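Each remark here refers to the structure printed beneath this line.
Order of appearance sets the numbers: ligands from 1, and atoms from 1 within every ligand. Small disclaimer: the values here were computed from a predicted structure and weren't measured.
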Amino acid sequence: MQYAGMRSRNCLTGRRRASKIVDWRKSFVIDSKKSDLIAQTLDRFHVELPSWGFANTGTRFGKFLQPAAASTIAEKFSDAAQVHRWTGVCPTIALHVLWDLPNGAADAAEIRRLADIHGVRPGSINPNLFQDQTYKFGSFGNPDPAVRREALDHVINSIEIADALASRDLSLWFADGSNYPGTQNMRQRRRWFIEGLQEAHARLSGEQRMLVEYKPFEPAFYHTDIADWGMALLLARDAGPRAKVLVDTGHHYQAQNIEQIVAWLLDLGMLGGFHFNDRRYADDDLTTGSIDPYQVFRIFHEILHYEWESGTHADIAYMIDQSHNLKGKIEAMIQTVTTIMELFAKASLVDHKKLSRLQDECALVDAEDCLKDAFSTDVRPLIREWASAKGLTDDPMDAFRQSGYFERITAERAERNAAAVASYA
Ligand code: RM4
Ligand code: MN
Ligand code: MN
């Protein structure tokens, strides 16, 4: 161990090591640069909250009902506004059409009213093509043309909702697939998907985009029609220029290199957005960074490295897609947002110029350490500094807990939630 002012010799080179005082001055200079970098990075960082993350959701075996869970869209807006109030980086909420706008575009006026009250805008619009009985054998890939039409009409209605709410992104996830080999024509279903996506794409206007999400399995257990990023990419290209790929971090096989997918999609100009969550096994929808924070850091690093190299801003919709069966809904969301901010801030500290040089030189140890130095930096004091300068609390979780909001909604909602259905069968 070294102490301030102590000098010692490097055992390999025999050269004198710099004293701690010099190190300290150096780190002070770097720290003020770091705090500027982090402030610039966080100033332009937003992450979207999912309306469904505040509701009682569970596993396929059942739900553990929480007394404070939101069950109306008004409650979801109110809860999302809490997360934004204390973190300052969540100005939008993703809406799931069937769950949040059961009357379609007719509900848009109510959504706008809630947005005004709570200061949180509607974000991506998520059609629901998996819940109705009619979708038992799929939606866009269903062999029945009447069901395919119904699915397309729902997507078109969703685009009308997006129009009415000035929402930019239509976020498409399809549960389509099959459970048994030989039971469906996969090539034919691909062509039906192209038809449906092209027709939907033709309805987009203004700044609107279509995000195509992929998932390897669940609810279908033999084949999924959009199983991976390659299929999503090809379908998005077929759909039209406003279609991009959405990467849900929980939708990959074990050991898949997600940041490589991100790097490729960036290079191709086809990365539209993210659904953040974490997983240990499958699509577990655990809080982001709870299992593997380094993975999220590596994803952010690829994005920021791309931006540095290309001198462009990557126009990516950062969204959370989580449901919390055990943790308190709002606390889990604050924890998630805080973690995402930390990992994004860490990634902004990578010395890109140095890293590029080390990559060119194939200086493996130094290049890897360049990345890990940023990951190992405790950015929390710098984020607190940024938050205070913005007039935000420097401890979102504590501020939320002190606010009394949780106690109030628990008292208001407990009775209704206790009467909800929790069973699996
Ligand atoms: C899916 C997928 C979708 C989400 C639904 C609820 O697994 O991640 O994005 O809307 O879950
Ligand atoms: Mn998702
Ligand atoms: Mn999912």
Please say whether Asp248 places an N or O atom under 3.5 Å from an N or O atom belonging to ligand 1.
yes
Q. Do you see an N/O/S atom of Glu218, backbone or side chain, under 2.8 Å from the Mn ion (ligand 3)?
A. no
Notebook entry, point to check: Do Lys354 and Asp373 sit within salt-bridge range, that is, some charged N less than 4.0 Å from a carboxylate O?
Noted result: no
Taking only non-hydrogen atoms of Glu213 and a 4.0 Å limit, the atoms of ligand 1 in range are 2 (C), 3 (C), 8 (O), 9 (O)
of all protein heavy atoms, closest to atom 8 (O) of ligand 1 is Asp321 OD2, 2.8 Å
ang(OD2 Asp283, the Mn ion (ligand 3), NE2 His251) rounded to 10° is 90°
Would Thr336 and Gln322 count as having a side-chain donor-acceptor pair, cut-off 3.5 Å? yes
Among N, O or S atoms, Asp321 approaches the Mn ion (ligand 2) most closely through OD2
**Request:** Decide whether Asp79 and Tyr405 meet the rule of one side-chain donor and one side-chain acceptor closer than 3.5 Å.
**Result:** yes
Distance-only polar pair, side chains of Asn277 and Asp248, donor-acceptor under 3.5 Å: yes
- Message: Taking a cutoff of less than 4.0 Å between a non-hydrogen atom of the residue and any ligand atom, is His251 in contact with ligand 1?
- Response: yes
Review point. Are Arg279 and Glu218 close enough for a salt bridge, meaning some N to O gap below 4.0 Å?
Key: no
Ligand 1 to Lys215, heavy atom cutoff 4.0 Å, flagged ligand atoms 7 (O)
Looking at His275, the N/O/S atom that lies nearest to the Mn ion (ligand 2) is called ND1
Handout entry: Salt-bridge contact Arg401-Glu331 (side-chain N to carboxylate O under 4.0 Å)
Key = yes
For Asp283, the atoms of ligand 1 under 4.0 Å from one of its heavy atoms are 7 (O)
Contact region, His275 to ligand 1, non-hydrogen atoms below 4.0 Å, reads side chain
min-distance N/O/S atom, Glu213 vs the Mn ion (ligand 2), resolves to OE2
_Restricting to N/O/S atoms, is Asp248 within less than 2.8 Å of the Mn ion (ligand 2) or not?_
yes
Taking the six-membered ring of Phe193, is NZ or CZ of Arg189 closer than 6.0 Å to its centre and within 45° of its axis? no
Atom 10 (O) of ligand 1 sits nearest the protein heavy atom His96 NE2, 3.0 Å
*Without hydrogens or angle criteria, can the side chains of Asp43 and Trp386 be said to hold a donor-acceptor pair below 3.5 Å?*
yes
Within 45° of the six-membered ring axis of Phe375 and under 6.0 Å from that ring's centre, is NZ or CZ of Lys346 located there?
-> yes
Among Tyr214, Trp99, Phe174, Trp173, closest by heavy atom to atom 5 (C) of ligand 1 is Trp173
message: Hydrogens and angles aside, do Asp321 and Trp52 bring a side-chain donor and acceptor to less than 3.5 Å of each other?
response: yes
